[in-house]
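All values below come from the heavy atoms of this structure, side chains included, with hydrogens, waters and symmetry mates left out. All chains are named by letter (A, B, ...) in the order of the sequence lines, taking the proteins before the strands, and each is independently numbered beginning at 1.
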Amino acid sequence: MLDIKYLRENFAAAEKALATRGDAIDLSGFSVLDQRRRELLSEGETLKAEKNKVSALIGKTKDKSQVQGEIARMKEVSAQIKGLDEQLREVEEQLSELLMGVPNIPHEKTPVGASEDDNVEIRTWGEKGSFGFKPKAHWDIGEDLGILDFERGGKLSGARFCVYFGAGARLERALINFMLDLHTGEHGYTETLPPFLVNRASMTGTGQLPKFENDLFHTEDVDLFLIPTAEVPVTNIHRDEILAEKDLPLCYTAYTPCFRKEAGSHGRDTRGLIRQHQFNKVELVKFVRPEDSDVELEKLLSNAEKVLQLLKLPYRVVDLCTGDIGFSAARTFDIEVWLPGQECFREISSCSTFGDFQARRASIRFRREGAKKPELVHTLNGSGLAVGRTLLAILENYQQEDGSVLVPEVLKPYMGELEKIKG
RNA sequence: GGAGGAGUGGCCGAGUGGCUUAAGGCGGCGGUCUUGAAAACCGUUGAACGCAAGUUCCGUGGGUUCAAAUCCUACCUCCUCCGCCA
């Protein structure tokens, strides 16, 4: 959510900045609602002050017959207050609906652009391997080795589900443990294991609701949602809290499965592990002081890159433009891994800063040493990494001509020292 | 799922319609004393909105009343017991 005061005082600038996102954002109702709200508030509060004063007087008067006139008048005033409060509630609801639907203002460093074609590649790492044969796509490698079974995934659940077997299942588990150990052991993150189902308030806090309910799986008998990313439960850990400055930055990592409807992507990436309704991810989440958020984003990004470097998987980093960043994000770097089987780079991590956008929605604040007033924190998060996509990148990059797949050096301890996955 | 009980400030906890501007304690912060510390003593200590006066917040939403932490109501959460269960 944007700062209502900022919007009031910098309306034109905000509108202009939001326009760089591309899609039309209607802020036209804001000024009228904002002004109406303040009028109702002031009118109601004047009456409440009067009511409080006279009620106290009535309370002090022993002989109530002397104050019958006041009592009758206050009855009238109470009714007026009730009416004003009702109007205020309606105006605030409309205002909140408007504000909750407005995306974040892009960071000043976010490149301006209309679509993903305007994203800026900022670096590449590693050598694309040269194969003496035509590299296969991971769905063929996985099925040939008997470690991925998309057909049975379909039988059990439907399209975009998969069953892992044997060394494939173990490789997924190895990657989760490897990533968590790296981030907790080397990068200073605290491991958390949050709920995979969350309530409406949590989804609203991070920005999935109210706008993107269609993308979420929802439970029928109780009003809960399956998390689309660990960002949601982990960021909401500190919802409605005031943190101590000395505890910042707070850095958490979490493994969770993620559930996405992928509404609107019918026909895209239908084969393989790229776009599943359920996938595993190790997430990194930070709560930081505003002045530290740019530096912390760089660190977060390098923490995610480290995973690919240790796995020796080639990748590039892309600075997303204003037209391509997500609803809540102010700035986003995507890490894209090289997939030789498909001869393209595919997103494997998305590292974002949200500024105070999520913190305001979720009311996550901190108090500076010695300060009286709390301030909003900045929140950041990034994948470190998407596990299914990492597994498929390993299959494609480590495949051998005979159809086997070498196990990356750093994963061997997690794979019982297995050297190679064979059919 | 059934039967009871309970939700008050950072924490504990008093408060059963107006004298609550939420007692008291703990913790935090500042001070006195001290070479320094501890102890003791004194003071101070929530948030939101509003230019301000002021208003609101005692789990959440409704209601009763001139007046609600307090009464009614629905919901949520936690605790105890029973049942079921990994």
State the pairing partner of [N]; accept Watson-Crick or G-U wobble contacts with both distances under 3.5 Å, and report none otherwise.
N: A47(B); result: U56(B)
N: C85(B); result: none
N: U21(B); result: none
N: A39(B); result: none
N: A3(B); result: U80(B)
N: G10(B); result: C26(B)
N: C71(B); result: G63(B)

Atom [atom1] of [X] to atom [atom2] of [N]: distance rounded to whole Å?
X: Lys53(A); N: U55(B); atom1: NZ; atom2: P; answer: 10 Å
X: Phe366(A); N: A47(B); atom1: CZ; atom2: P; answer: 14 Å
X: Arg37(A); N: U55(B); atom1: CZ; atom2: C1'; answer: 12 Å
X: Lys373(A); N: U45(B); atom1: NZ; atom2: P; answer: 15 Å
X: Ile364(A); N: A47(B); atom1: CD1; atom2: C1'; answer: 16 Å
X: Leu40(A); N: G50(B); atom1: CG; atom2: C1'; answer: 14 Å
X: Arg360(A); N: A47(B); atom1: CZ; atom2: P; answer: 18 Å
X: Asp247(A); N: G10(B); atom1: CG; atom2: P; answer: 16 Å

Who pairs with [X] by side chain to side chain donor-acceptor pair (under 3.5 Å), at least two apart in sequence or on another chain?
X: Lys155(A); value: none
X: Gln87(A); value: Arg36(A)
X: Glu93(A); value: Arg89(A)
X: Arg160(A); value: none

Under a plain distance cut-off of 3.5 Å, with no hydrogens placed, do [Y] and [X] share a side-chain donor-acceptor pair?
X: Glu191(A); Y: Tyr255(A); value: no
X: Asn199(A); Y: Ser202(A); value: yes
X: Lys51(A); Y: Ser78(A); value: no
X: Thr253(A); Y: His183(A); value: no
X: Ser328(A); Y: Asn104(A); value: no
X: Thr206(A); Y: Glu231(A); value: no

Contacts under 3.5 Å, N or O only, protein and nucleotides 52-54 of chain B:
{"unit_1": "G54(B)", "atom_1": "N2", "unit_2": "Glu45(A)", "atom_2": "OE1", "d": "3.0"}
{"unit_1": "G54(B)", "atom_1": "N2", "unit_2": "Glu45(A)", "atom_2": "OE2", "d": "3.4"}

[atom1] gap between [N] and [M], integer Å:
N: C81(B); M: U65(B); atom1: C1'; result: 39 Å
N: U16(B); M: A6(B); atom1: C1'; result: 16 Å
N: A69(B); M: A23(B); atom1: C1'; result: 14 Å
N: A22(B); M: G31(B); atom1: C1'; result: 27 Å
N: G7(B); M: C11(B); atom1: C1'; result: 15 Å

| message | Using a strict heavy-atom distance below 4.0 Å, which residues from residues 82-100 of chain A are in contact with RNA chain B? | response |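 Only Lys82(A) qualify.
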| request: Tell me which residues in residues 196-211 of chain A put a heavy atom below 4.0 Å from RNA chain B, sorted by number, or none. | output: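 Residues of residues 196-211 of chain A under 4.0 Å from RNA chain B: none.
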| field | Salt-bridge criterion met for Lys48(A) and Asp85(A) (N-O under 4.0 Å) | value |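 Salt bridge present between Lys48(A) and Asp85(A).
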| Short side-chain N/O contact to G46(B) OP1/OP2 from Arg367(A), under 4.0 Å |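 Looking at the OP1 and OP2 atoms of G46(B), neither is under 4.0 Å from any side-chain N or O of Arg367(A).
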| At under 4.0 Å, does any side-chain N or O of Arg8(A) touch on OP1 or OP2 of C49(B)? | no
| With sugar-phosphate meaning primed atoms plus P, OP1 and OP2, does Arg38(A) contact a base, only sugar-phosphate, or nothing at under 4.0 Å between heavy atoms? |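 Sugar-phosphate, no base atom in range.
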| query | More 5' along RNA chain B: Lys5(A) or Ile242(A), using each one's nearest nucleotide? | reply |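 On the 5' side of the pair lies Ile242(A).
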| task | Please list, chain by chain and in numerical order, all residues satisfying salt bridge (Lys or Arg N to Asp or Glu O under 4.0 Å) with Asp294(A), sequence neighbours excluded. | result |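 Asp294(A) satisfies salt bridge (Lys or Arg N to Asp or Glu O under 4.0 Å) with Lys109(A) only.
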| task | Please identify each residue that fulfils ring-ring contact (aromatic ring centres under 6.0 Å, His included) with Phe225(A), with sequence neighbours left out. | result | His218(A)
| For Phe217(A), all residues meeting ring-ring contact (aromatic ring centres under 6.0 Å, His included), sequence neighbours excluded | His277(A)
| field | Qualifying residue for side-chain contact (heavy atoms from CB on, under 4.5 Å) with Leu248(A), from Val377(A), Asp292(A), Val288(A) | value |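 Among Val377(A), Asp292(A), Val288(A), the one meeting side-chain contact (heavy atoms from CB on, under 4.5 Å) with Leu248(A) is Val377(A).
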| task | Summarise protein proximity over nucleotides 66-79 of chain B in one line of letters, 5' to 3': B for base, S for sugar-phosphate only, - for none, counting protein heavy atoms closer than 4.0 Å. | result | BS------------
Solution key, residues 386-397 of chain A side-chain donor-acceptor pairs under 3.5 Å, sequence neighbours excluded:
{"unit_1": "Arg389(A)", "atom_1": "NE", "unit_2": "Ile274(A)", "atom_2": "O", "d": "3.1"}
{"unit_1": "Arg389(A)", "atom_1": "NH1", "unit_2": "Glu347(A)", "atom_2": "O", "d": "2.7"}
{"unit_1": "Arg389(A)", "atom_1": "NH2", "unit_2": "Ile274(A)", "atom_2": "O", "d": "2.9"}
{"unit_1": "Thr390(A)", "atom_1": "OG1", "unit_2": "Ala386(A)", "atom_2": "O", "d": "2.6"}
{"unit_1": "Glu396(A)", "atom_1": "OE1", "unit_2": "Gly341(A)", "atom_2": "N", "d": "2.9"}
{"unit_1": "Glu396(A)", "atom_1": "OE2", "unit_2": "His138(A)", "atom_2": "N", "d": "2.8"}
{"unit_1": "Glu396(A)", "atom_1": "OE2", "unit_2": "His138(A)", "atom_2": "ND1", "d": "3.0"}
{"unit_1": "Glu396(A)", "atom_1": "OE2", "unit_2": "Gln342(A)", "atom_2": "NE2", "d": "2.8"}
{"unit_1": "Asn397(A)", "atom_1": "ND2", "unit_2": "Trp338(A)", "atom_2": "O", "d": "2.9"}
{"unit_1": "Asn397(A)", "atom_1": "ND2", "unit_2": "Ala393(A)", "atom_2": "O", "d": "2.8"}

